[in-house]
Amino acid sequence: MFDNEKIESLLHNLKVEPKTIKAAEVLLLNSRLKDAIELLKKDRSFMVYLLTIMRKANFNVNINDKADIEVIANSLGKDVFMCILTSYSYFLKLPVKYEIFHVNTIKLAEINARLISFWVKILTSINKKTIQNLNLINVFIINIIICEHIFKGTDLREIISLCDTNYNKIFKKIYGKSMVALAFEMLGSDMNDQKIMSNLHMLISYEISRIGIYDYGFYRLFDLSSEVETQNLIEFKRFLTK
């Protein structure tokens, strides 16, 4: 289970982006939106993913049966569009079959749509909406990928339910770093911005605790037990309704 070479190989593979996605990101960074769009139009699975994200959460973008990817990209803005593009590159690496969590890729896409949409609202509200900060929402998907690969073939649910622990704590005791810490390193964050970290933690906790989502078992992966000041919680809820 905890073979360091296996873990390092997995982390390396997670960092490798598909050629089409990498090329599209370079074009977007160089303000060549139309060229990036033409490239992405050839990727049917990305088009399906993008429309799923758009239809399952509120991005203030009008989506219909003849949705135009260029219109969507312009409406979202470069940074948000690139965040969705990056999240897609991780989605391609999700397992076909899930053993640790009671979920499927379609449901994960729906959850991810809400997470990205809310994260955009939060970062906009605290004036920290940059592409690097937007991409931090991918810590959720990265943790699921690592957990499913590393703990595959094990059944620790009873131990986790009886003890004050979760998959991240177990992983950290053996590997030396939690899956969350590894994900943040991969995303280029030093986790020093407490405002961002606090809101990100509240958002993920809020989403995976929702009725209908809790039963998927994500609470066994993330630590939901943290004290939040009342004022921060009120502010957080206000961000989500904007």
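Numbering starts at 1 and runs along the sequence shown.
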Between [X] and [Y], is there a shared hydrophobic cluster once you connect ILVMFWY residues whose side-chain heavy atoms come closer than 4.5 Å?
X: Val71; Y: Phe59; answer: no
X: Ile116; Y: Met47; answer: yes
X: Ile53; Y: Val48; answer: no
X: Val26; Y: Leu33; answer: no

Check whether any side-chain N or O of [X] sits under 3.5 Å from a backbone N or O of [Y] as a donor-acceptor pair, and report yes or no.
X: Glu99; Y: Glu148; answer: no
X: His12; Y: Glu8; answer: no
X: Ser117; Y: Asn58; answer: yes
X: Asn168; Y: Val180; answer: yes
X: Gln132; Y: Gly188; answer: yes
X: Asn104; Y: Ile106; answer: yes
X: Ser9; Y: Glu5; answer: no
X: Ser87; Y: Ile84; answer: yes
X: Lys93; Y: Leu14; answer: yes
X: Asn199; Y: Lys195; answer: yes

Specify the closest pair of heavy atoms between [X] and [Y], including all atoms of both residues, with the distance to one decimal.
X: Asp79; Y: Ile131; value: O-CD1, 3.2 Å
X: Val139; Y: Phe222; value: O-CZ, 4.5 Å
X: Val61; Y: Ser75; value: CG2-CB, 3.8 Å
X: Ser205; Y: Ser209; value: O-OG, 2.7 Å
X: Met179; Y: Phe151; value: CE-CE1, 3.9 Å
X: Glu207; Y: Ile213; value: O-CG2, 3.5 Å

First locate atom [atom1] of [X], then atom [atom2] of [Y], and finally report the distance between them rounded to the nearest 0.5 Å.
X: Thr165; Y: Lys173; atom1: OG1; atom2: NZ; result: 5.5 Å
X: Ser89; Y: Phe46; atom1: OG; atom2: CZ; result: 10.5 Å
X: Leu10; Y: Ile7; atom1: CG; atom2: CD1; result: 8.0 Å
X: Phe118; Y: Leu123; atom1: CZ; atom2: CG; result: 13.5 Å
X: Ile170; Y: Ile150; atom1: CD1; atom2: CD1; result: 13.0 Å
X: Thr105; Y: Phe91; atom1: OG1; atom2: CZ; result: 7.0 Å

Taking the side chain as everything from C-beta on, heavy atoms only, tell me whether [X] gets closer than 4.5 Å to [Y].
X: Lys41; Y: Ile69; answer: yes
X: Ile126; Y: Ile196; answer: yes
X: Lys42; Y: Thr20; answer: no
X: Lys152; Y: Ile100; answer: no
X: Leu115; Y: Ile141; answer: no
X: His201; Y: Phe236; answer: no
X: Phe81; Y: Leu40; answer: yes
X: Ser45; Y: Tyr88; answer: yes

| Lys78, NZ: over 12 other non-hydrogen atoms inside 6.0 angstrom |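 Yes, NZ of Lys78 has more than 12 neighbouring heavy atoms, counting only those of other groups under 6.0 Å.
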| task | Starting from Leu27, walk the hydrophobic network (Ile, Leu, Val, Met, Phe, Trp, Tyr; side-chain heavy atoms closer than 4.5 Å) and list everyone else you reach, by chain and number. | result |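 Its cluster partners, ordered by chain and number, are Leu39.
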| When Phe218 is tested against each of Tyr206, Phe101, Tyr98 for ring pair (Phe, Tyr, Trp, His ring centres under 6.0 Å), which residue passes? |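 Answer to the ring pair (Phe, Tyr, Trp, His ring centres under 6.0 Å) test with Phe218 among Tyr206, Phe101, Tyr98: Phe101.
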| said: For a side chain to side chain contact (heavy atoms under 4.5 Å, CB included) check, start with the C-alpha distance between Asn166 and Leu221, then their side-chain angles and the critical distance, and finish with the verdict. | reply: CA-CA 5 Å; Asn166 55 49; Leu221 175 58; over 6 Å; no
| query | Do Tyr49 and Asn112 have a side chain donor and acceptor closer than 3.5 Å? | reply |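 Indeed, the side chains of Tyr49 and Asn112 share at least one donor-acceptor pair under 3.5 Å.
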| Basic-acidic side-chain contact under 4.0 Å: Lys22, Glu25 |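 Between Glu25 and Lys22 there is no salt bridge, as every charged N stays at least 4.0 Å from the carboxylate O atoms.
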| message | Between Asn133 and Leu136, does the side chain to side chain contact (heavy atoms under 4.5 Å, CB included) criterion hold? Intermediate values first, please. | response | CA-CA 5 Å; Asn133 289 338; Leu136 295 182; 4.2 Å; yes
| request: Take Leu50 and Leu85 through the test side chain to side chain contact (heavy atoms under 4.5 Å, CB included) and record every step on the way to the result. | output: CA-CA 8 Å; Leu50 175 63; Leu85 189 58; over 6 Å; no
| task | Could you give me the CA-CA distance, side-chain angles and deciding distance for Phe184 and Lys177, then say whether side chain to side chain contact (heavy atoms under 4.5 Å, CB included) is met? | result | CA-CA 11 Å; Phe184 279 124; Lys177 289 183 180 179; over 6 Å; no
